[in-house]
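Just so you know, these numbers use all the heavy atoms, side chains as well, and skip hydrogens, waters and symmetry mates. Counting starts at 1 for both ligands and their atoms, in listed order.
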Amino acid sequence: MTDNNLSGKNVVIIGGTAGIGLATAIAASEMGANVWAAGRSETNIEKAKALSDGKFEVRQADTHNANQLHDIFKEAGTIDHLVSAAIGGERTLKPFVEQSEEQFQAAYGKLWGYAKVVREGYSYVSDDGAITLVSGSPARKISPSTSALSCVGGAVENMVRCLAVELTPIRVNVVSPGTISTAMFDHFGDEKEEKLKAATQGHLIKRAGTAEEVAEGLIFVMNNRFVTGTTVEIDGGRILS
Ligand SMILES: NC(=O)c1ccc[n+]([C@@H]2O[C@H](COP(=O)([O-])OP(=O)(O)OC[C@H]3O[C@@H](n4cnc5c(N)ncnc54)[C@H](OP(=O)(O)O)[C@@H]3O)[C@@H](O)[C@H]2O)c1
């Protein structure tokens with residue numbers, strides 16, 4: 001049986017006020033961790049506060065704002081687990097040659113945000129602690145119109161391998177979700193579930209995943225003290241389909 005190494009640990013989750021980050025905040029808190037979850041918008045902050053039921057802290061921070069990040073890191077003191085599950089950039093979905101240079105670059109906001117979270121945060125992370133980021137299946141599953149997401153996801157995964165080597169003994173890992181039913185797809189409105197169902201029919205597991213299923217992957221790499229430099233795929237077999 002896996003030990004619960006999260007009890008009493010300080011866990012900071014940037015991009016933790018909705019979706020995968022919020023599910024991870026709830027799971028870590030239920031395992032006895034002291035959790036700080038952060039995001040930008042008041043709407044998500046208020047929703048996360050309501051769901052936290054006072055059991056974890058919810059703060060405002062943008063992955064691109066060093067001062068906001070430091071305020072949370074200082075409040076947490078020593079961080080055992082630094083997580084970023086923020087989207088942090090544009091989700092540019094277009095054929096490569098139809099994208100402007102600005103659109104392609106805007107997708108990299110996710111990488112720059114994660115880089116800032118790590119750069120500003122690593123010195124607060126304890127030697128037996130860990131940093132965990134979130135990439136996405138387009139990093140390895142190539143489909144038309146996803147070149148920007150694919151390049152950014154691949155860059156996040158490679159950055160994680162570099163950081164695992166350079167920051168050891170701090171462990172650094174990345175979780176790669178497939179198609180997950182979160183607010184990321186709310187722009188589909190009433191058609192959201194129908195669109196997700198259609199999008200996943202060719203996958204080995206023919207449905208969208210849940211934020212809680214991806215959170216289990218994050219909790220695994222945080223909890224297991226022998227895992228570093230790894231990409232854990234929680235994607236219903238999407239990259240094999
Ligand atoms: N859902 C999927 O199918 C899927 C697939 C592949 C990869 N992913 C990746 O999984 C991660 C989580 O996505 P999700 O589906 O859980 O999305 P989500 O439900 O929209 O949640 C995203 C969270 O990140 C916060 N956030 C976004 N930009 C931020 C920024 N610049 N600084 C701080 N917080 C920020 C959001 O709050 P605010 O907007 O209020 O800041 C929210 O708390 C992302 O990296 C995404 O690219 C998701």
* **Derivation of the salt bridge (Lys or Arg N to Asp or Glu O under 4.0 Å) call for E30 and K55** => CA-CA 9 Å; E30 283 174 352; K55 293 188 179 115; over 6 Å; no
At less than 4.0 angstrom from any non-hydrogen atom of [X], what atoms of ligand 1 do you find?
{"X": "G88", "value": "27 (C), 28 (N), 29 (C), 31 (N)"}
{"X": "T17", "value": "37 (O), 42 (C), 43 (O)"}
{"X": "S135", "value": "7 (C), 8 (N), 9 (C)"}
{"X": "A183", "value": "19 (O)"}
{"X": "G136", "value": "6 (C), 7 (C)"}
{"X": "S41", "value": "38 (P), 40 (O), 41 (O)"}
{"X": "G19", "value": "16 (O), 19 (O)"}
{"X": "T63", "value": "30 (C), 31 (N), 32 (N), 33 (C)"}

Does any N or O atom in [X] lie less than 3.5 angstrom from one in ligand 1, N or O only?
{"X": "T179", "value": "no"}
{"X": "G21", "value": "no"}
{"X": "F185", "value": "no"}
{"X": "I14", "value": "no"}
{"X": "S137", "value": "no"}

* To do: Could you tell me how the ring of H70 sits relative to the ring of F73: parallel (under 30°), tilted (30 to 60°) or perpendicular (over 60°)?
  =>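 Perpendicular.
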* Once the angle between the rings of F96 and F104 is folded into 0 to 90°, is it parallel (under 30°), tilted (30 to 60°) or perpendicular (over 60°)? ->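 Rings of F96 and F104: perpendicular, as their planes differ by over 60°.
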* Exceeds 12 heavy-atom contacts within 6.0 angstrom, atom NZ of K192 ->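 Yes, the 6.0 Å shell around NZ holds more than 12 heavy atoms from other groups.
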Just checking, any donor-acceptor pair under 3.5 angstrom between side chains of [X] and [Y]?
{"X": "R238", "Y": "S137", "value": "yes"}
{"X": "T146", "Y": "R91", "value": "no"}
{"X": "N34", "Y": "N10", "value": "yes"}
{"X": "S176", "Y": "E233", "value": "no"}
{"X": "Q60", "Y": "S41", "value": "no"}

* atom 2 (C) of ligand 1: nearest protein contact (heavy atom, Å) ->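 It is M184 CE, 3.3 Å.
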* Which protein heavy atom lies closest to atom 39 (O) of ligand 1, and at what distance to 0.1 Å? ->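 So the nearest neighbour among protein heavy atoms is R40 NH2, 2.8 Å.
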* Main-chain N/O of W112 paired with H64 side-chain donor or acceptor, under 3.5 Å ->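 It does not hold such a pair.
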What do we get for [X] next to ligand 1 when only non-hydrogen atoms under 4.0 Å count, side chain, backbone, both or neither?
{"X": "R91", "answer": "neither"}
{"X": "A211", "answer": "neither"}
{"X": "W112", "answer": "neither"}
{"X": "P138", "answer": "neither"}
{"X": "N44", "answer": "side chain"}

For [atom], which of the options [options] provides the nearest non-hydrogen atom?
{"atom": "atom 20 (O) of ligand 1", "options": "T182, T210, I87", "result": "I87"}
{"atom": "atom 33 (C) of ligand 1", "options": "A139, A61, A37", "result": "A61"}
{"atom": "atom 44 (C) of ligand 1", "options": "S181, A107, A85", "result": "A85"}

* Atom pair CG (L82) and OG1 (T132), whose distance is rounded to the nearest 0.5 Å ->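 One finds 8.5 Å between CG of L82 and OG1 of T132.
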* Can you tell me how far the OG1 atom of T17 sits from the CD atom of E42, to the nearest 0.5 Å? ->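 Going from the OG1 atom of T17 to the CD atom of E42 covers 10.0 Å.
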* Is there a heavy atom in G178 that sits closer than 4.0 Å to ligand 1? ->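 Within the 4.0 Å threshold, so yes.
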* What do you reckon, does G113 put a non-hydrogen atom under 4.0 Å from ligand 1? ->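 No; G113 lies far enough from ligand 1 that no heavy-atom distance drops under 4.0 Å.
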* Go through the structure and list residues passing side chain to side chain donor-acceptor pair (under 3.5 Å) with E57, not counting sequence neighbours. =>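 E57 satisfies side chain to side chain donor-acceptor pair (under 3.5 Å) with R59 only.
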* **K206: salt bridge (charged side-chain N to carboxylate O under 4.0 Å, His left out) partners, not counting sequence neighbours** =>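 With neighbours one apart ignored, the set is empty.
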